[in-house]
Chemist: 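Here you go, one structure.
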Amino acid sequence: MKDKIQNIKIQDYDYTLPEQRIAKYPLAKRDASKLLLYNKGNISETLFADIGSFMPHKSLLVFNNTKVIQARLMFNKTTGAAIEIFCLSPYEPSDYSDVFAQHHSCVWLAMLGNLKKWKEGKLSKTLIIEGEEFTLWAENMGKEGEAHKIKFSWNNERFCFAQIIENLGELPIPPYLNRKTETEDLERYQTIYSKAKGSVAAPTAGLHFTGELIESLKNQGVACQEICLHVGAGTFKPVKSVEIGGHSMHAECFTIEKERLSAIISHLGNIIAVGTTAVRTLESLYYIGLLINDNPDISQENLHVDQWIPYETDAELPVADALQHIVDYLQSKQLQSITCYTRIMIVPSFKFKLVKGIITNFHQPQSTLLLLISAFVGEDWHRIYEYALTHDFRFLSYGDSSLLI
């Protein structure tokens, strides 16, 4: 089965997206966007603000509460050459909360812009935070895969790394917007429920929600839970291979608390994922449960989901049992949450274990995100996208939304 999956041709998941259909800016009101409704083959539309009228009975909405960091840092060499350091994920320490709390130095995996101008030596930048002037240095420690290990150090221990990037960094809006980050993006390229710092791209399906809308949904009996998956720059990585077997999925870190797992178990059959990142996290949980089932003493560091594992296993463990294994694992180790990495690749023929509905924006042609949508709705993705294109829907991160059941 795995070989057949890997032979899927990415050109079969193409469509023409006119430049003018890409939303370059958000609407004035988050929930004023259009909402395409797909329910078992039927397609219609409404406003996002009215989504509560179309939520299935006893639904559980699962949100990704990650927060986008100001990950793009600009330095200048003494020659004047501009060097961009785009922080991807923490390397030392590797824990997100730990790395942001550092007061002297830390190492990040990063992509570099204008690398040919930075052959050797440290880069430096003068910072002024709360009236205090100090220096930040960046040193290239060598390559790690496709990224570079960048050591940051600074000479004022009063300030942690979180404060440094908040003052120096730039919010990395998607490259396809073809514009610089503006003041409006600092608020609007974050969900209203974002909490855990770590993403370099927003879980954009959640950008449509307002506090009032979430309260209204809760009053209607819709349950809500949060998970956290830190979105990596790989979400924008194009599929360059002819067949998807040649595409390497990026690893992303996710965390979920024990009590949230219990809530998810109690709502199986009614789970609506807010965004593809929530889908990836929820579906990865099943395979984490399988790993624990096979080895109850496995270390948390070894709990990671490889991209092809869903197509290599014949496991028939019930979903509730797999998730309960994670809960039991946490209890046995006296932990309140579990943190794992996933490279899961969701493509046509994938068997969804937890997710029964998806709230999501409209994705780029020939992307792994469009493959995920096709895995969920089958060949109807053509009809959905044709409807959106012919009914004035706005596309990509700041665009309109869809509810797929």
Chemist: Please round to the nearest 0.5 Å and tell me the distance separating atom OG1 of Thr339 and atom CD of Gln300.
Modeler: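 Here the interatomic distance stands at 5.5 Å.
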Chemist: Does the ring center of Phe63 lie less than 6.0 Å from the ring center of Phe209?
Modeler: yes
Chemist: As a quick check of understanding, evaluate side chain to side chain contact (heavy atoms under 4.5 Å, CB included) for Thr277 and Phe254, giving each step before the final call.
Modeler: CA-CA 10 Å; Thr277 62; Phe254 70 87; over 6 Å; no
Chemist: Mind listing the closest non-hydrogen atom pair of Phe75 and Lys125 along with its distance?
Modeler: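 Reported closest heavy-atom pair: CE2-CB, 3.6 Å.
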Chemist: Enter the distance from Cys106:SG to Ile164:CD1 here, rounded to the nearest 0.5 Å.
Modeler: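 Here the interatomic distance stands at 7.5 Å.
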Chemist: May I ask you to test the Leu36-Thr46 pair for a side-chain heavy-atom distance under 4.5 Å?
Modeler: no
Chemist: Less than 4.0 Å between a side-chain N and a carboxylate O, is that true for Asp185 and Arg179?
Modeler: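 Salt bridge flag = yes for Asp185 with Arg179.
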Chemist: Ion pair present between Glu92 and Lys149, side-chain N to carboxylate O less than 4.0 angstrom?
Modeler: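 Salt bridge flag = no for Lys149 with Glu92.
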Chemist: Is the closest basic N to carboxylate O distance between Arg30 and Glu212 below 4.0 Å?
Modeler: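 Not counted as a salt bridge, because no side-chain N and carboxylate O are separated by less than 4.0 Å.
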Chemist: Test side-chain hydrogen bond (donor to acceptor under 3.5 Å, both in side chains) on Asn64 and Thr66; report intermediate values, then the result.
Modeler: CA-CA 6 Å; Asn64 181 3; Thr66 188; 4.9 Å; no
Chemist: Any side-chain heavy atom of Glu226 within less than 4.5 Å of one from Val62?
Modeler: no
Chemist: Tell me whether Ser402 contacts the main-chain N or O of Thr360 through its side chain, where contact means a donor paired with an acceptor under 3.5 Å.
Modeler: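 Here the side-chain-to-backbone pair exists.
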Chemist: In terms of heavy-atom contacts, does NZ of Lys151 have more than 12 from other residues, nucleotides or ligands at under 6.0 Å?
Modeler: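 For Lys151, atom NZ is not crowded (no more than 12 foreign heavy atoms under 6.0 Å).
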Chemist: Ion pair present between Glu243 and Lys9, side-chain N to carboxylate O less than 4.0 angstrom?
Modeler: yes
Chemist: According to the interplanar angle, ranging from 0 to 90°, do the rings of Tyr398 and Tyr189 count as parallel (below 30°), tilted (30 to 60°) or perpendicular (above 60°)?
Modeler: perpendicular
Chemist: Within the distance-only criterion (no hydrogens, no angle test), does the side chain of Gln163 pair as donor or acceptor with the backbone N or O of Cys160 below 3.5 angstrom?
Modeler: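 Yes: the side chain of Gln163 pairs with the backbone of Cys160.
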Chemist: Distance check, rounded to the nearest 0.5 Å: Thr16 atom OG1 versus Glu386 atom CD?
Modeler: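 Answer for the OG1-CD pair, Thr16 versus Glu386, is 10.0 Å.
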Chemist: When the ring centroid of Phe376 is compared with that of Phe350, is the distance short of 6.0 Å?
Modeler: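 When the ring centroids of Phe376 and Phe350 are compared, they turn out to be at least 6.0 Å apart.
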Chemist: Under the salt bridge (charged side-chain N to carboxylate O under 4.0 Å, His left out) criterion, do Glu132 and Arg158 qualify, and how do the steps go?
Modeler: CA-CA 10 Å; Glu132 295 190 30; Arg158 181 185 165 204; 2.3 Å; yes
Chemist: Looking only at atom types and distance, does a side-chain atom of Gln307 sit under 3.5 Å from a main-chain N or O of His247, one as donor and one as acceptor?
Modeler: yes
Chemist: Do Ser367 side-chain atoms and Leu370 backbone N/O form a donor-acceptor pair below 3.5 Å?
Modeler: yes
Chemist: State plainly whether the residues Glu166 and Lys197 are in salt-bridge range, i.e. N to O under 4.0 Å.
Modeler: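 So Glu166 pairs with Lys197 through a salt bridge.
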Chemist: State the OG1-CG distance between Thr181 and Leu171, to the nearest 0.5 angstrom.
Modeler: 5.5 Å
Chemist: Give the minimum heavy-atom separation between Ser241 and Gly246, together with the two atoms involved.
Modeler: OG-C, 3.5 Å
Chemist: Nearest 0.5 Å, please: how far is CG in Asp297 from OG in Ser332?
Modeler: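 That separation rounds to 8.0 Å.
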Chemist: Would you sort out whether Phe152 and Cys87 count as a side chain to side chain contact (heavy atoms under 4.5 Å, CB included), showing the intermediate values?
Modeler: CA-CA 11 Å; Phe152 296 102; Cys87 296; 3.9 Å; yes
Chemist: Using only atom types and a distance under 3.5 Å, with no angle test, would you say the side chain of Asn295 pairs donor to acceptor with the backbone of Ile292?
Modeler: no
Chemist: Considering residues, nucleotides and ligands other than Lys117, do more than 12 of their heavy atoms fall under 6.0 Å from its NZ?
Modeler: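 Result for NZ/Lys117: open.
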Chemist: Side chains of Ile69 and Phe100: does their closest heavy-atom pair fall under 4.5 Å?
Modeler: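 In short, these two side chains touch, coming nearer than 4.5 Å.
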Chemist: Side-chain contact test, heavy atoms from C-beta onward, threshold under 4.5 Å: evaluate it for Leu177 versus Ser397 and give yes or no.
Modeler: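 Leu177 does not reach Ser397 side chain to side chain.
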Chemist: Are Tyr38 and Tyr387 side-chain neighbours, meaning at least one heavy-atom pair lies under 4.5 Å?
Modeler: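 The answer is no, as the side chains (C-beta and beyond) never meet within the 4.5 Å cut-off.
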Chemist: Less than 4.5 Å apart, side chain to side chain, heavy atoms only: is that true for Ile405 and Phe54?
Modeler: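 When only atoms from C-beta onward are counted, Phe54 and Ile405 do not touch, as no gap falls below 4.5 Å.
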Chemist: Just wondering, more than 12 heavy atoms not from Lys180 lying within 6.0 Å of its NZ?
Modeler: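 No.
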Chemist: Should the pair Arg188 and Tyr25 be classed as cation-pi, given the thresholds of under 6.0 Å to the six-membered ring centre and 45° from the axis?
Modeler: no
Chemist: How far does OH of Tyr13 sit from NE2 of His382, to the nearest 0.5 angstrom?
Modeler: 7.0 Å
Chemist: Salt-bridge test for Glu252 and Arg343: reply yes if a basic N is under 4.0 Å from a carboxylate O, no otherwise.
Modeler: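 A salt bridge is absent here (no side-chain N lies under 4.0 Å from a carboxylate O).
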Chemist: What verdict does the side chain to side chain contact (heavy atoms under 4.5 Å, CB included) test give for Val377 and Ile373, after you've listed the backbone C-alpha separation in whole Å, the side-chain angles of each residue and the deciding distance to 0.1 Å?
Modeler: CA-CA 6 Å; Val377 300; Ile373 298 306; 4.2 Å; yes
Chemist: Would you indicate whether Glu146, at its atom CD, is surrounded by more than 12 heavy atoms from other residues, nucleotides or ligands within a distance under 6.0 Å?
Modeler: no
Chemist: In terms of the angle between their ring planes, are Phe362 and Tyr385 parallel, tilted or perpendicular, with boundaries placed at 30° and 60°?
Modeler: perpendicular
Chemist: Nearest heavy-atom pair of Pro172 and Arg72: which atoms, and what distance?
Modeler: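 Heavy-atom minimum between the residues: CB-NH2, 3.6 Å.
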Chemist: Could you pull out the closest heavy-atom pair between Trp137 and Asn155, with the gap in Å?
Modeler: CH2-ND2, 3.8 Å
